[in-house]
Amino acid sequence: MKLWRGGRLATLAGERGWGLVDDGALLVDGGRLLWVGPSAELPAQAAGAEVVELGGALVTPGLVDCHTHLVYGGNRADEFERRLHGESYADIAKAGGGIRSTVAATRAASEAELLAAARKRALALVHEGVTTLEVKSGYGLELATEARMLRVARRLAELGVDVRTTCLAAHALPPEFSAADDYIDAVCAWLPQLQAEGLVDAVDAFCEHIAFSPAQVARVFDTARRLGLPVKLHAEQLSDQGGAALAASCGALSCDHLEYLSPAGVHAMAQAGTVAVLLPGAFYALKETRLPPVAALREAGVPIAIATDHNPGSSPTLSPLLMLNMACVLFGLTPEEALRGMTVNGARALGLSDRGQLVAGQRADFCIWDGGHPRELAACFGHNPLIERVSQGVQGGP
């Protein structure tokens, strides 16, 4: 049993408010929070626990990055320059760049090469306080490479971070297929095998005019649901395809991007309890101008999560703290909404209810920061105030 005491806790308990506890303490046993509250009210069971003095430091729940594409080969820095010269994301994709470019590099990379590169990226996230991480496939677009990506993603757990894997084989049409429906048939055939190998926690798809139609996505989702796998969707990023409503009708954990989300889509997500995952890094890098409907999501009570969307093309960031700032500056979230978006709501987007808040019974995942108030995490960008990261009660350093 271990006791952390003498810190300022931002528990995020409840649905609103920072849940601040001054001179707070956390009692941990077996990787769980046994008790959280003021140091002056410590329960008798804390007697004899190993003590860690926090010295007034700020403590928050561990960060949850619920949308990443960490495993891939190559890079697409050339596309950054091309966009600066006026080419759009869609233009580059149609010309053979974008996802297809990364597919070629990923297929050519060995598992060892993919792991070495992904470990560096994951460590960058861990060093800014991430304790739970989602990783998608989708740069293989063939069974062998999709499986290789997912195996690599699973191995990132060796870094002391909880990893959730998502099969995103329905990401783009690979060059060896001329008909999208034929490729969707292949994806549906792969899913049972990938699940049998223990590689998949959820299934995602890209519903967009440059990717797959709602009808094609529905076929993937039907297969996933028959296998008992939860679904999520890249939806309404570049146009309104009605994907969010489709995903919500399938009980999706989340819909992500959402710049073109319609009122009907907002309503459907609210009814289904589907989380809206906003990705300010991609919005910024692609110089988008259409904002996701934050006010409508708030009014409808749709939980809002924030993630890095790390990928080699449209969001090459590895800074969750910068995403907190961008969520406030670009999308108008409050600092509290942004932090909730990368803690409790990020966990909800992964179907996890056992983390994201500092309350008894939750996983002992928390971060100790050099700061006086949690708003500073969103307000101050360009540096890392993390003192220590604790995952399931294990101290992991910065």
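For the single chain, residues carry numbers from 1 onward in sequence order. Values below: all heavy atoms of this structure, side chains included; hydrogens, waters and symmetry mates excluded. Since this is a predicted model, take the numbers as computed values, not measurements.
Within the 4.5 Å cutoff, side-chain heavy atoms of L26 are placed close to those of L33. Residues T132 and V161 fail the side-chain proximity criterion, which asks for heavy atoms closer than 4.5 Å. The closest side-chain heavy-atom distance from L261 to V266 is below 4.5 Å. Between L63 and L125, the closest side-chain pair of non-hydrogen atoms is not below 4.5 Å. Within the 4.5 Å cutoff, no side-chain heavy atoms of P61 are placed close to those of V344. In this structure, L199 and T165 have side chains that are not in contact, with every pair of non-hydrogen atoms separated by 4.5 Å or more. For the pair I368 and L54, the minimum side-chain heavy-atom distance is below 4.5 Å. Side-chain contact between L42 and L3: present, with at least one pair of heavy atoms (C-beta onward) separated by less than 4.5 Å.
Figure legend: cation-pi geometry between R121 and Y72, with NZ or CZ positioned under 6.0 Å from the six-membered ring centre and within 45° of its axis.
Remark: the backbone N or O of L173 is paired with a side-chain donor or acceptor of R100 at under 3.5 angstrom. With hydrogens and angles ignored, the 3.5 Å screen pairs no side-chain donor or acceptor of E259 with any backbone N or O of P292. The closest donor-acceptor contact from the side chain of E376 to the backbone of H373 lies under 3.5 Å. Between the side chain of R5 and the backbone N or O of V51, no donor-acceptor pair lies under 3.5 Å. Using modelled atom types, one side-chain atom of N311 and one backbone atom of D309 make a donor-acceptor pair closer than 3.5 Å. Judged by distance alone, with hydrogens and angles left aside, the side-chain atoms of S391 form no donor-acceptor pair with the main-chain N or O of V394 at under 3.5 Å. Judged by distance alone, with hydrogens and angles left aside, the side-chain atoms of Q362 form a donor-acceptor pair with the main-chain N or O of R355 at under 3.5 Å. In terms of modelled atom types and a separation under 3.5 Å, the side chain of E236 and the main chain of G243 share a donor-acceptor contact. A donor-acceptor pair under 3.5 Å is absent between the side-chain atoms of T274 and the main chain of A270, judged by distance alone. When atom types are taken as modelled, the side chain of Q195 and the backbone of V200 share no donor-acceptor pair closer than 3.5 angstrom.
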Does the pair V294 and R298 meet the rule for a side chain to side chain contact (heavy atoms under 4.5 Å, CB included), with working shown?
-> CA-CA 6 Å; V294 170; R298 278 195 195 112; 3.7 Å; yes

Under the salt bridge (charged side-chain N to carboxylate O under 4.0 Å, His left out) criterion, do D181 and R219 qualify, and how do the steps go?
-> CA-CA 10 Å; D181 283 327; R219 290 168 54 201; 3.2 Å; yes

Given side chain to side chain contact (heavy atoms under 4.5 Å, CB included), test E197 with L150 step by step and report yes or no.
-> CA-CA 10 Å; E197 294 179 24; L150 291 165; over 6 Å; no

Would you check, one step at a time, whether the test side chain to side chain donor-acceptor pair (under 3.5 Å) holds for T11 with Q357?
-> CA-CA 6 Å; T11 66; Q357 296 174 309; over 6 Å; no

Residue pair V21, V36: steps toward the side chain to side chain contact (heavy atoms under 4.5 Å, CB included) verdict = CA-CA 9 Å; V21 179; V36 179; 5.7 Å; no

For the pair Q241 and S213, evaluate side chain to side chain donor-acceptor pair (under 3.5 Å) and give the outcome as yes or no after the intermediate values.
-> CA-CA 8 Å; Q241 298 290 310; S213 70; over 6 Å; no

Would you check, one step at a time, whether the test side chain to side chain contact (heavy atoms under 4.5 Å, CB included) holds for L233 with F221?
-> CA-CA 10 Å; L233 189 66; F221 282 4; 3.8 Å; yes

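The CZ atom of R340 sits 5.0 Å away from the CG atom of L12 when rounded to the nearest 0.5 Å. With values rounded to the nearest 0.5 angstrom, F381 atom CZ is found 5.5 Å from N325 atom CG.
A salt bridge does not link D204 to K232: none of the charged side-chain nitrogens sits closer than 4.0 Å to a carboxylate oxygen. Salt-bridge formation is detected for the pair E158/R155: a Lys NZ or Arg NE/NH1/NH2 atom is positioned less than 4.0 Å from an Asp or Glu carboxylate oxygen. Looking at E336 and R375, no side-chain N of the basic residue comes within less than 4.0 Å of a carboxylate O on the acidic one, giving no salt bridge. Ion pairing between a basic and an acidic side chain is recognised when a charged N comes within 4.0 Å of a carboxylate O; R154 and D201 show such pairing. Between E53 and K2, no side-chain nitrogen of the basic residue sits less than 4.0 Å from a carboxylate oxygen of the acidic one, so the salt-bridge criterion is not met. With salt bridges taken as basic N to acidic carboxylate O contacts below 4.0 Å, none links E146 and R148. Salt-bridge annotation for R164 and D162: present, with a side-chain N of the basic residue lying under 4.0 Å from a carboxylate O of the acidic one.
No more than 12 heavy atoms of other residues, nucleotides or ligands shown are found within 6.0 angstrom of OH on Y284. Summarising the local packing, CZ of R119 is surrounded by 12 or fewer heavy atoms from other residues, nucleotides or ligands at distances under 6.0 Å. Counting heavy atoms of neighbouring residues, nucleotides and ligands inside a 6.0 Å radius, atom CZ of R83 exceeds 12 of them.
For residues 27-49, every residue pair satisfying the side chain to side chain donor-acceptor pair (under 3.5 Å) rule, not counting sequence neighbours, is listed here: D23-S39.
Each of H171, R76, R107 was compared with T102 under the side chain to side chain donor-acceptor pair (under 3.5 Å) criterion, and only R76 meets it. Here the rule is side-chain contact (heavy atoms from CB on, under 4.5 Å) with P320, and of L377, T308, I306 only T308 fits it. When each of H234, H310, H257 is paired with H67, the side chain to side chain donor-acceptor pair (under 3.5 Å) condition holds for H234 and for no other.
Taking Ile, Leu, Val, Met, Phe, Trp and Tyr as hydrophobic and joining them when side-chain heavy atoms fall under 4.5 Å apart, one finds L279 in a cluster with V275, V277.
Contact record, C255 with M269: CB-CE, 3.9 Å, taken as the closest heavy-atom pair. In plain terms, the two heavy atoms of W4 and G393 that are nearest each other are CH2-O, 3.7 Å.
Cluster membership for V64 and L156, using ILVMFWY side-chain heavy atoms within less than 4.5 angstrom, is not shared.
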